[in-house]
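Take a look at the structure below.
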Amino acid sequence: MLPSKYRFHSRGGVQATLRAGKTERGEKVSVVWAKNSRGGTRFGVTIGKKTLKSAVGRNRVRRRTYEIIRGWLGAQAERPQLDVIVILYSAEFREMPYGEFRERLVGLLSKTTKATHSGTKSV
C-alpha cells in the first residue's frame, strides 16, 4: 500500500486537482495532474461504480494501482511535487495481468513527469 503521506486525505484536494489539472489519456485510463506547493506528491485513484459494480473488485484494482505507484515512486531519483488522480474506465483492470497494467500506468505517469519538467502543456 502507498504510504499515507502520498495519499489525499480530503475531497477538497481531489476536486481542486480535477478542476485545475492537466490530463494525460491512455487506453481506458487517465491521469489528471497539477503542480502543488505543499512540498510533496499526493495520489488518488478513482474507479466508478458503473465501471466495476463490486466494492471488492474496485478495492482490489485500487490496491493494485497504489502498489504500482509505490514502485514507480521508489524508482524516481527526483520526486515531482504533484497532485495526481488516476481515473480507471474499464473493469478489465481487475483481471489484467500485473505487468500489462503496470506498463500502461507507468507510461502515463512518466509522461506526466516529463510534461512537468519540460513545461509543455498537455491536453
Listing, residues 99-107 side-chain donor-acceptor contacts under 3.5 Å, not counting sequence neighbours, or none:
from : atom 1 : to   : atom 2 : distance (Å)
E100 : OE2    : R104 : NH2    : 3.3
R104 : NH1    : E27  : O      : 3.4

Quiz item: In Å, rounded to the nearest 0.5 Å, how long is the span from OH of Y98 to CZ of F93?
Solution: 14.0 Å
Quiz prompt | Partners meeting side chain to side chain donor-acceptor pair (under 3.5 Å) with R58 (sequence neighbours left out) | solution = none
Quiz prompt | Heavy-atom check, side chain of S4 versus side chain of H9, under 4.5 Å | solution = yes
Quiz prompt | Non-neighbouring partners of R11 that pass side-chain contact (heavy atoms from CB on, under 4.5 Å), sequence neighbours left out | solution = Q15
Quiz prompt | side chain to side chain donor-acceptor pair (under 3.5 Å) involving R62 - partner list, sequence neighbours excluded | solution = N59
Exercise. Measure the spacing between NZ of K28 and CG of L88 and express it to the nearest 0.5 Å.
Key: 12.0 Å
Practice problem: Verify, without hydrogens or angle tests, whether R25 (side chain) and V31 (backbone) share a donor-acceptor contact under 3.5 angstrom. | Solution: no
Quiz item: Given the rule in the side-chain contact (heavy atoms from CB on, under 4.5 Å) test, do Y66 and R63 qualify, once you have shown the distances and angles that lead to the verdict?
Solution: CA-CA 5 Å; Y66 278 132; R63 284 191 306 267; 5.8 Å; no
Self-check item: Fellow cluster residues of I85, listed by chain then number, with links counted only when side-chain atoms sit under 4.5 Å apart
Solution: F8, V14, L18, V32, I87, Y89
Exercise. To the nearest 0.5 angstrom, please state how far the OG1 atom of T17 sits from the CZ atom of F43.
Key: 11.5 Å
Quiz item: Taking side chain as C-beta onward, heavy atoms only, is W33 less than 4.5 Å from D83?
Solution: no
Exercise. Give, for atom CZ of R60 and atom CD of E95, the distance between the pair rounded to the nearest 0.5 Å.
Key: 6.0 Å
Quiz item: Can you tell me if T112 uses its side chain to pair, donor with acceptor, with the backbone of L108 under 3.5 Å?
Solution: yes
Quiz prompt | For G21 against A34, the heavy-atom pair lying closest together | solution = CA-CB, 4.0 Å
Quiz prompt | CG-OG1 distance between N36 and T41, expressed to the nearest 0.5 angstrom | solution = 6.5 Å
Practice problem: Kindly write out the residues that satisfy salt bridge (charged side-chain N to carboxylate O under 4.0 Å, His left out) with R70, not counting sequence neighbours, or none if the list is empty. | Solution: E67
Quiz item: Does the side chain of K35 come within less than 4.5 Å of L82's, by heavy atoms?
Solution: yes
Quiz item: CZ/R64 to CD1/I69 distance, rounded to the nearest 0.5 angstrom?
Solution: 13.0 Å
Exercise. With sequence neighbours excluded, tell me which residues meet side-chain contact (heavy atoms from CB on, under 4.5 Å) with S37.
Key: none
Could you list the donor-acceptor pairs under 3.5 angstrom formed between side-chain atoms of residues 45-56 and any protein atom two or more places apart in sequence or on another chain?
from : atom 1 : to  : atom 2 : distance (Å)
S54  : OG     : V56 : N      : 3.2
S54  : OG     : G57 : N      : 3.2

